[in-house]
Amino acid sequence: MHHRYPLHIHISTLFLALILLVCGVLSGIGYQLSSKLLEESAADLTARISRAALLEMRRIIEPAEVATHLLSLQRVTSATSLKERLDSLEFMRQALDSSPALSSLYVGYDNGDFFLVGRVGHGSASEAARVPAGANYVVQSIERVAAAPPRGRFIYLDAALQTLRDDDRPDYAAAYDPRDRIWYTEGLASPTQVKTPPYLFFSSRRVGTTLASRAGGGRSVVGADILLDTLGKSLARQKVTPGSEMVLVNAQGYVLAHEDVSRMVLASPESNGKPSLARIDELAVPVLVPLLTVVRQMQGQEAAHALGVKVGDNEWRVSVNRLILEGVPPLYLVTAIPENELMAGARQVIRQSAKATLLVLLLSIPLTWLLAQSISRSLRRLASEAEAIRHFEFSRPIVLESSIKEVTELALTMDGMKRTIHRFLDISQTVAAEQNFDRLLPRLLADTLSAAEARAGVLYLAEASQLNPAVALDDSGSALAGDLPSLDVAHTGPLLGAALAEGIARAGRLQPEDLDCLGLATANLAQASHAMAVPLCNRKNELVGAMILLSETETDSHRLSFVKALSGSAAVSLESKALIKAQKDLFEAFIQLIAAAIDAKSPYTGGHCARVPELTKMLARAACAASCGPYQDFQLSEDDWEVLHVAAWLHDCGKVTTPEYVVDKATKLETIHDRIHEIRMRFEVLKRDTEISSLQAIAAGKDAETVHRQLAAELQQLDDDFAFVARCNEGGEFMAPESIDRLQAIAARTWLRTLDDRIGISQDERLRKARTSCSTLPVAETLLADKPEHFIARRAQDRMPKDNRWGFRMQVPPLLYNRGELYNLSVARGTLSTEERYKINEHIVQTLVMLSQLPFPRHLRQVPEIAGGHHEKMDGSGYPRQLRREQMSPLARMMAIADIFEALTAVDRPYKKGKTLSEALAIMSRMQQEQHIDPELFALFLRAGVYLDYARQFMQPEQIDAVDVEALLTATPPFPAAV
């Protein structure tokens, strides 16, 4: 039979047993945890030092990168003489002064010229002996002039850039050619700026790196030399302990930075006594000797490497961290810390912890007994209240008076719990109902702050190994000031790091490391000394985000438990909404990818697919803002804006099917290449034939002077005829009938072909030539011809049935392409033939076909109609479906105006220059008079100033001229409203 004891006996016994167990466990693992904490702290410090070293290198290099980039934009890169290059002297001096680490700036030219501006004292010892007193800068110049030896000069300047001495250096010009240097060849070959790995400058025996960048349209390369002297001093300042050793090396183990610079440079026997960088095992530091092999084995590894090294009686903790500097092979920071110095704090902490544990144990025994006695009197009452909570009975509040503060607080907490559960359910339902992801995040954080009674908080979203701040609010709902940094999951501070590692919410006092990592040190949260770190994990226990909730007081376990429960519901909602947002983002990125690909196909239409959406949205916003007129009641919902956005970006997606050589056709005879060169060669043949005939006539006894006069006249006529043909090939606004008559007369001339034109050609061209019989060589052919092989037939899939399911009504030319020479040269306007113009217009057909095949969700089903209607006209004469104004939505009519205005003002067309504002709007005014565009929308386009807003953002300044809006509006005829 089991004995039953009073409740306070059970509580006292249980508490004492737990205290004994906890003290025993804490004593057993205390040392291990303290040691591990210090080791992790040392590793964290080492990683931070690595980042600081990398930032130091970037601080040194980035101003030089900017200076090199700015120099590449200066006129000195295209200057052809020393006098012109000296015009940039002040700029180069200011660039040098802006970066103490910048040793020199220089430009190498493709003709072998060279121009350098550098500081005096950064050269060799022999060169330093030649420097005149008071010199601060030196200009080194090489000029190569045809039929003259190259000239080399050294010009010494004082601080005010006044010339102190100008030395001719013929030996310098003869021995140095920048085109042979690696920095020149690599910089010229790279589209971006290049930099060399750090190395020992031969002349100054100092470590540095070189930058190079192509300039002057590829005719020159600018370069800069940078010294990295300050890295060693920076490392010395950041030593973990006084006895630590820190050194920066490359992948081969050569030392690039150390606190003792004198040890870094050796006179190596392998280089015939020339100075060279010391390896890590040559620094006379015993602990670093065995690390050469470790560094060399780190190649290709991204993770840091940690190991223990014993030197004599001393144990060392060594870490090797990889530093990645863009454009440079990896560097490695080697840190060696004496273990006796590192663990000194841990041993002290352990001794203090042991004393505190013993004291707590002695005090706990009597206090536990007294506490158990007090709790037992009111525990039964609380048990009944807990039973009520278990059955979700929240009708009456909990009122309990107890002499024990904890029991009273427990009663109050249980009472609050009743109210909180209702609130929890309300929050979960509200969060789950919010569809907009961007509105969900602040709402989720605000509700959690209120439930947790926190003063402020930050919500992070997880992406790969990063936590990116999404929302930061205080308890009033206002955004926190300042920009918060993204966090590496592995370096989030002690509190959040522990919560992420365990996957559960944790609460505790904020440490300085927490404030630094979270970026809250500068925020106005001086009294927020405690925080809750809340990981947000999805149903697969994967991290989707995290929250930091800041408070002025310590967080009790009940609030923490509530936040844990709330975080689970929040994480599921966050995951669901994030997936929906990710799908939308993917669709958005895919849309812009297609548009970018279309713009990238042709250099003449780059940016069109990006500019038309902006202009369409400007006009739509103006319609929504209209307070009078036909669009005063026009409004767009959130879904409508998404429809417009998608349709505008996809309005030209069919252009992916349009050949580039048609879109980019700059001359009438251009296909893949410009066939004017073939015609030029025929004229050359005729001129040679004429000269040969003249020589034969003279040989036959005709008067030489008469023959020469006839020859000169005939050659001049051929030159004039070809010049006329070449002008016709360029295209224009109009070609007169007399010009076409002259073309036909020129085309009738013949030339003699003696070579077979049916060999060495493609199978398709061979089949087209097979339509006619092969002529016996030699054969006389017309100078310009429309041959059967120029006619490319339209295939069955290229034809458009009249009863097509999309309702297209376009006149399809019989031929796919007509490449006849006379036919193309006779094009009246522009450079495109009828077939080519149809091929370009066909892109809207392909747009509608492609978009109609996409399974758009219900709210996006209007996308094909809006995207495919921007070439329709209000009178039904447009294409591809000949829709009238009343058959088109307002958004489709807006896009038509945007597409036309962008096309008229664009400066990237091969056949015309961009129109000015007044020219473009005058053309559009005529178009609305002819019922090609919507007059009401065109009037809104003018009155709301949409045209001017767009011009200021996207047009060239010289295109923006005065526009008489009232005159244009007067010409706008009334039109029945069809909103």
Side-chain angles (χ1 to χ4, degrees), residues 591 595 607-652 844 862-863 865-874 878 883 885-906 914-929 931-955 959-960 963 965-966 968-969 971-973 975 977-979:
I591 289 172
H608 172 78
C609 290
R611 291 191 292 265
V612 169
E614 291 300 320
L615 183 53
T616 306
K617 291 176 186 177
M618 288 181 181
L619 184 53
R621 283 192 287 268
C624 292
S627 58
C628 60
Y631 285 90
Q632 61 182 345
D633 298 324
F634 181 83
Q635 290 298 324
L636 294 178
S637 66
E638 190 172 321
D639 287 345
D640 294 333
W641 280 110
E642 185 176 1
V643 169
L644 178 60
H645 175 78
V646 173
W649 275 97
L650 291 176
H651 79 284
D652 270 350
I844 197 63
Q862 203 179 358
V863 166
E865 184 268 333
I866 298 173
H870 61 279
H871 287 297
E872 301 288 357
K873 299 178 181 178
M874 302 303 100
L883 300 178
R885 180 176 185 264
E886 60 272 13
Q887 296 174 292
M888 300 170 62
S889 67
L891 296 181
R893 287 179 263 142
M894 291 178 189
M895 191 175 297
I897 290 177
D899 189 74
I900 293 170
F901 186 74
E902 194 284 331
L904 288 173
T905 58
K915 304 289 186 184
T916 64
L917 271 181
S918 58
E919 292 171 341
L921 292 175
I923 293 172
M924 295 180 70
S925 177
R926 291 193 296 272
M927 294 177 71
Q928 58 87 21
Q929 292 176 29
Q931 298 187 17
H932 289 176
I933 60 176
D934 189 325
E936 292 176 351
L937 281 174
F938 181 64
L940 179 64
F941 185 73
L942 296 174
R943 287 194 178 96
V946 176
Y947 71 95
L948 190 56
D949 293 339
Y950 174 84
R952 289 169 177 163
Q953 292 186 47
F954 299 102
M955 290 173 60
Q959 291 180 269
I960 304 176
V963 175
V965 173
E966 293 304 320
L968 294 172
L969 289 173
T972 302
F975 207 98
V979 176

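Quantities reported herein were computed from a predicted structural model and do not represent experimental measurements.
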Give the ring-plane orientation class for F901 versus F941, where under 30° counts as parallel, over 60° as perpendicular and anything between as tilted. perpendicular

How long is the gap from [atom1] on [X] to [atom2] on [Y], to the nearest 0.5 Å?
| X | Y | atom1 | atom2 | result |
| --- | --- | --- | --- | --- |
| M894 | T616 | CE | OG1 | 9.5 Å |
| L942 | L968 | CG | CG | 5.5 Å |
| K915 | T905 | NZ | OG1 | 11.0 Å |
| L948 | L917 | CG | CG | 6.5 Å |
| Q928 | D934 | CD | CG | 9.5 Å |

Any side-chain heavy-atom pair of [X] and [Y] under 4.5 Å:
| X | Y | result |
| --- | --- | --- |
| H870 | D652 | yes |
| L636 | L891 | yes |
| H871 | D899 | yes |
| L940 | E936 | no |

With a 3.5 Å distance limit and no angle check, can you tell me whether [X] reaches the backbone of [Y] through a side-chain donor-acceptor pair?
| X | Y | answer |
| --- | --- | --- |
| Q635 | C624 | yes |
| Q953 | Y950 | no |
| E919 | T916 | yes |

Run the side-chain donor-acceptor check on residues 640-650: report pairs under 3.5 Å with partners two or more places apart or on a different chain.
residue : atom : partner : partner atom : Å
D640    : OD2  : S637    : N            : 3.0
D640    : OD2  : S637    : OG           : 3.0
E642    : OE1  : H859    : NE2          : 3.2
H645    : ND1  : K617    : NZ           : 2.5
H645    : NE2  : E588    : OE1          : 2.6
H645    : NE2  : E588    : OE2          : 2.7

Where do [X] and [Y] come nearest, in terms of heavy atoms and distance?
| X | Y | answer |
| --- | --- | --- |
| M888 | M874 | SD-CE, 3.8 Å |
| S918 | V963 | N-CG2, 4.0 Å |
| A906 | R611 | CB-NH2, 4.1 Å |
| D949 | A944 | OD2-O, 4.5 Å |
| A623 | F634 | CB-CD2, 3.5 Å |
| L883 | E872 | N-OE1, 2.9 Å |

Which residues share a ring pair (Phe, Tyr, Trp, His ring centres under 6.0 Å) with H932, sequence neighbours left out: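 Ring pair (Phe, Tyr, Trp, His ring centres under 6.0 Å) list for H932, sorted by chain: empty.
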
Run E865 and S889 through side-chain hydrogen bond (donor to acceptor under 3.5 Å, both in side chains) and show every step you take. CA-CA 8 Å; E865 184 268 333; S889 67; 3.0 Å; yes

